[in-house]
Amino acid sequence: MAGTPVQVTGTVLTTRRVDAYHALTVVAPGVAERFRPGHFVSVAVGGSRTSMVTRRALSIHDVRPDYGGTVELVFTASGPGTSWLAERRARDTLDLVGPLGRPFPLPRDPAVCVLVGDEYGAAPLFPLADALMERGCRIDFVLGAASADRVFGAMRARRMSETTTLTTEDGSLGLRGKVTDVLPSVIADTRADAIYACGPMETLRQVTAVAIEFDIPVQVAVEEAMACGVGICMTCVLPVIGDDGVTRMVRACAEGPVFRGEQVRFEDVGTIPFDALGAPGGGARHVG
């Protein structure tokens with residue numbers, strides 16, 4: 001049953017603003033009990049008579065057993081679909097499908113784990129942190145954004161981690177700069193065994209580069225635009241190098257959204273590399 005998606009009509013329990021973001025807690029029993037950290041849901045937007053036919057993929061920030069199971073979704077109102085979601089109120093209903101995607105793999109033994117989150121991309125790191133701590137892992141957070149109101153989860157991170165390092169590009173909170181500016185020193189200070197990262201693709205690319213430099217494993221939850229969320233529409237494909245060295249165009253919603261960072265060809269996201277399997281180059285091994 002774990003991980004098998006279901007479609008539910010969920011009742012909105014609470015709505016709140018979290019600085020620059022919106023958070024909806026929705027009663028969704030089937031989704032909540034199947035959830036693993038890193039899973040997401042797809043949500044129908046606009047109502048039954050809408051022209052917005054594609055769903056919106058949203059990360060799950062929190063899961064609780066209340067009312068048979070609730071999920072909290074965090075997002076920014078960046079377009080007509082998410083703006084419609086931001087207008088929902090308690091007792092409204094939402095059509096959800098989930099949990100979807102490949103969750104974060106957890107270490108077998110206790111490890112020192114650095115969790116890196118950029119803006120509201122940090123939301124799925126918190127249930128991950130809970131799961132890691134249940135396995136005896138040490139947690140250290142690195143959270144950042146452009147400005148203080150866009151740093152997500154700083155207070156909760158401080159409560160649950162050994163250390164929390166905050167960055168903002170404008171210097172309004174924590175250290176001035178980006179999460180990747182401070183990541184090397186955090187890795188060195190904590191003697192990290194693994195990195196988990198969520199956020200914009202450029203941030204994930206840079207986090208992966210740092211992890212490779214330190215020769216430690218990194219798991220990234222990619223942010224790719226998803227329409228169906230279940231692997232049918234092929235909207236969210238990106239080039240990923242397989243264990244056999246062959247690049248394939250894989251679906252972020254089905255084979256991801258969590259990948260080993262070093263296997264994602266970030267420099268080629270948005271294209272079909274000539275050497276990808278099925279492309280004119282015919283699946284040559286990626287060198288570089």
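- Nearest heavy-atom pair, Ile60 versus Val63, reported as atom, atom and distance to 0.1 Å: CG2-CG2, 3.7 Å.
- Heavy-atom minimum distance, His39 versus Gly101: CD2-O, 3.2 Å.
- Rounded to the nearest 0.5 Å, atoms CG (Leu173) and CG (Leu166) are 5.0 Å apart.
- Side chains of Leu106 and Leu128 form a contact here, defined as non-hydrogen atoms less than 4.5 Å apart.
- In this structure the side chain of Thr208 reaches within 4.5 angstrom of the side chain of Val220, judged on heavy atoms.
- Under a 3.5 Å cut-off, the side chain of Arg34 and the backbone N or O of Pro99 do not form any donor-acceptor pair.
- By the 4.0 Å N-to-carboxylate-O rule, Arg16 lies close enough to Glu72 to be salt-bridged with it.
- From Thr15, atom OG1 reaches atom CG of Leu85 across 12.0 Å, with rounding to the nearest 0.5 Å.
- Tested against Val71 for a side chain to side chain contact (heavy atoms under 4.5 Å, CB included), the candidates Leu96, Val8, Leu24 yield a single pass: Leu96.
- For Arg135, the CZ atom sits in a packed shell: over 12 heavy atoms of surrounding residues, nucleotides or ligands are nearer than 6.0 Å.
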Inset, instruction - Please lay out, stage by stage, how Phe35 and Phe40 fare under the test ring-ring contact (aromatic ring centres under 6.0 Å, His included). - result: CA-CA 9 Å; Phe35 168 78; Phe40 67 96; over 10 Å; no
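- Summarising the geometry of Ala146 relative to Glu119, their closest heavy-atom pair is N-OE2, 3.5 Å, with the distance given to 0.1 Å.
- Distance CG/Leu132 to CG/Leu115: 6.0 Å, rounded to 0.5 Å.
- Listed for the Arg251 side chain is a donor-acceptor partner under 3.5 Å among the backbone atoms of Gly231.
- Side-chain contact check for Ile195 versus Val116: some heavy-atom pair is nearer than 4.5 Å.
- Residue-environment remark: OH (Tyr67) stays at or below the threshold of 12 foreign heavy atoms within 6.0 Å.
- In this structure a side-chain-to-backbone donor-acceptor pair under 3.5 Å is missing from Arg158 to Ala154.
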Inset, instruction - Take Asp243 and Arg260 through the salt bridge (Lys or Arg N to Asp or Glu O under 4.0 Å) test and state the conclusion after the steps. - result: CA-CA 11 Å; Asp243 292 335; Arg260 287 163 49 190; 3.2 Å; yes
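- Interatomic distance, Ile272 CD1 to Met249 CE, rounded to the nearest 0.5 Å: 5.0 Å.
- A salt bridge does not link Arg191 with Asp140: every distance from a Lys NZ or Arg NE/NH1/NH2 to an Asp or Glu carboxylate oxygen is 4.0 Å or more.
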Inset, instruction - Just do the side-chain contact (heavy atoms from CB on, under 4.5 Å) check on Ile187 and Val210 with the steps written out, would you? - result: CA-CA 9 Å; Ile187 292 172; Val210 173; 3.7 Å; yes
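- Of the candidates Tyr21, Phe152, Phe75, His61 forms a side chain to side chain contact (heavy atoms under 4.5 Å, CB included) with just one, namely Phe152.
- A salt bridge links Arg55 to Asp95: one of the charged nitrogens lies within less than 4.0 Å of a carboxylate oxygen.
- Asp181 places a side-chain N or O within donor-acceptor distance of the main-chain N or O of Lys178, the cut-off being under 3.5 Å.
- The CE atom of Met160 lies 4.0 Å from the CG atom of Asp130; values are rounded to the nearest 0.5 Å.
- With 3.5 Å as the limit, one finds no donor-acceptor pair spanning the side chains of Ser147 and Ser172.
- Between the side chain of Thr70 and the main chain of Thr25, no donor-acceptor pair closer than 3.5 Å is present.
- A salt bridge does not link Asp19 with Arg17: every distance from a Lys NZ or Arg NE/NH1/NH2 to an Asp or Glu carboxylate oxygen is 4.0 Å or more.
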Legend entry - Check against side chain to side chain donor-acceptor pair (under 3.5 Å), Thr11 and Thr93: CA-CA 4 Å; Thr11 301; Thr93 58; over 6 Å; no
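- In this structure, a donor-acceptor pair under 3.5 Å is present between the side chains of Arg265 and Thr247.
- Here the side chains of Val6 and Val97 are not in contact, with every heavy-atom distance at 4.5 Å or above.
- Smallest separation of non-hydrogen atoms from Val74 and Tyr120: O-CD1, 3.8 Å.
- In this structure, Asp244 and Arg248 have side chains that are in contact, with non-hydrogen atoms separated by less than 4.5 Å.
- Using a distance-only test at 3.5 Å, with no hydrogens or angles considered, a donor-acceptor pair links the side chain of Asp92 to the main chain of Arg89.
- The number of heavy atoms from other shown groups lying within 6.0 Å of CD1 (Ile216) is above 12.
- Here the side chains of Val182 and Val142 are in contact, with some heavy-atom distance below 4.5 Å.
- Counting only distance, with no hydrogens or angles, the side chain of Ser161 and the backbone of Thr163 share a donor-acceptor pair below 3.5 Å.
- Here Ser83 contributes atom OG and His22 contributes atom NE2; the two are 7.5 Å apart, rounded to the nearest 0.5 Å.
- Residue Thr168 comes nearest to Ala148 through the heavy atom pair CG2-N, 3.7 Å, listed as atom of the first residue, atom of the second, then distance.
- With Cys198 as the fixed residue, the side chain to side chain contact (heavy atoms under 4.5 Å, CB included) test singles out one of Leu125, Val258, Val207: Leu125.
- Considering all non-hydrogen atoms of both residues, Pro103 and Arg36 come closest at CB-CB, 3.7 Å.
- At a threshold of 4.5 Å between non-hydrogen side-chain atoms, the residues Phe259 and Val250 count as touching.
- Between Ile139 and Phe141, some side-chain heavy-atom pair lies under the 4.5 Å cut-off.
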